[in-house]
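The next block holds one structure in the form of structure tokens; read it before the comments.
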Amino acid sequence: MLSAKMNDALNEQINKEMYSAYLYMSMSNQSNEMGLKGFANWFMAQYHEEMYHAMKIYEYIARQGGKITLKAIDEPPGEFASALDMMTKTLEHEQFVTRSINDLMETAIAEKDHATQIFLQWYVTEQVEEEENDNDIIAQLKLVKESPHGLMMIDRDLAGRMTTVPTDFSKGVGGEE
Ligand code: OFO
């Protein structure tokens, strides 16, 4: 059972995860336009992971007999100056999401909602990984500075990123990616 406050807060998080997906879709598109196919792949994998994050919450609310409310998704920025600009904004966005997950956890604790605390632990761990990945790529981009050769090496590396999140949510989310 979810309290009304917890239910509302989880609905807000669905919206934030959907916005994250939208933001990374925009960055994937921008990467393609810049000729950075590896970055485009990385951001598209990120898009699918964010949709999965949203759908996990969607399913959790449904399983708890709560009410799902879908809200409007904000328009993401469509122009970015460089790969470093995109990765810096990605890290800033993930730090925002981390704060949001922490706030959700605080609400779950205040509401004495143990099930939601356990559910949210997956997101707490996920955010550590998300920020680590972003920091790693930013460090590499800073290392190569303006070198086109260095940028192409990083792009080739990111082209290899694969994601295995489920994309058919009609029978529930399942899995633990
Ligand atoms: Fe990027 O972790 Fe969800 O939002």
Side-chain angles (χ1 to χ4, degrees), residues 2 6-31 36 38-64 66 68-78 80 83-108 116-141 154 157-169 172-177:
L2 294 172
M6 194 75 251
N7 196 150
D8 286 350
L10 288 168
N11 274 320
E12 286 295 337
Q13 191 64 32
I14 291 179
N15 186 268
K16 286 175 188 161
E17 301 293 345
M18 299 286 282
Y19 175 79
S20 301
Y22 219 24
L23 175 65
Y24 299 139
M25 184 198 278
S26 179
M27 289 181 177
S28 181
N29 174 51
Q30 174 83 47
S31 301
L36 297 171
F39 278 86
N41 172 64
W42 192 88
F43 281 118
M44 196 46 77
Q46 199 68 14
Y47 160 85
H48 285 294
E49 290 202 354
E50 298 301 351
M51 290 300 294
Y52 177 61
H53 297 173
M55 294 310 296
K56 268 180 85 81
I57 301 169
Y58 172 97
E59 186 190 48
Y60 178 71
I61 295 174
R63 288 180 64 210
Q64 286 277 43
I68 293 159
T69 308
L70 301 178
K71 298 162 194 270
I73 304 166
D74 288 342
E75 182 179 326
F80 302 93
L84 181 58
D85 182 38
M86 285 190 285
M87 287 311 310
T88 304
K89 286 179 174 145
T90 295
L91 175 62
E92 287 169 0
H93 181 68
E94 288 304 327
Q95 289 168 337
F96 162 77
V97 172
T98 299
R99 287 193 292 275
S100 180
I101 296 293
N102 288 342
D103 288 347
L104 276 177
M105 186 64 97
E106 290 297 321
T107 301
T116 302
Q117 287 174 50
I118 292 166
F119 171 71
L120 288 171
Q121 272 169 13
W122 184 89
Y123 288 84
V124 172
T125 307
E126 177 71 8
Q127 284 310 117
V128 174
E129 191 185 312
E130 295 258 5
E131 289 190 30
E132 182 185 11
N133 291 341
D134 300 342
N135 275 315
D136 285 351
I137 299 169
I138 288 169
Q140 289 174 26
L141 286 168
I154 297 170
D157 193 36
L158 298 186
R161 181 181 181 189
M162 309 261 279
T163 188
T164 54
V165 296
T167 51
D168 175 6
F169 303 117
V173 173
E176 275 305 306
E177 275 78 19

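Residue indices begin at 1 and follow the sequence shown. What you see is a predicted model, and the numbers here were worked out from it, not measured in a lab. Remember, it's 1-based here, ligands and their atoms both numbered in the order they're listed.
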Open item on the list: Out of the candidates H48, Q46, M86, only one should pair with Y24 under the side-chain contact (heavy atoms from CB on, under 4.5 Å) rule; please name it.
Closed with: Q46
- [ ] Taking ring-ring contact (aromatic ring centres under 6.0 Å, His included) as the test, write out the residues that go with Y60, two or more places apart.
- [x] F119
Open item on the list: Between K89 and M27, is there a side-chain heavy-atom distance shorter than 4.5 Å?
Closed with: yes
Open item on the list: Between the side chains of R99 and D103, is the shortest nitrogen-to-carboxylate-oxygen separation below 4.0 Å, so that they form an ion pair?
Closed with: no
Open item on the list: For S20, run the side-chain contact (heavy atoms from CB on, under 4.5 Å) check against H93, E49, E130 and tell me which one passes.
Closed with: H93
Task: Atoms named by residue and atom, protein N, O or S, within reach of atom 3 (Fe) of ligand 1 (under 2.8 Å) - done: E17 OE1, E50 OE1, H53 ND1
Task: Pairing of K56 and E126 as salt bridge, 4.0 angstrom limit - done: no
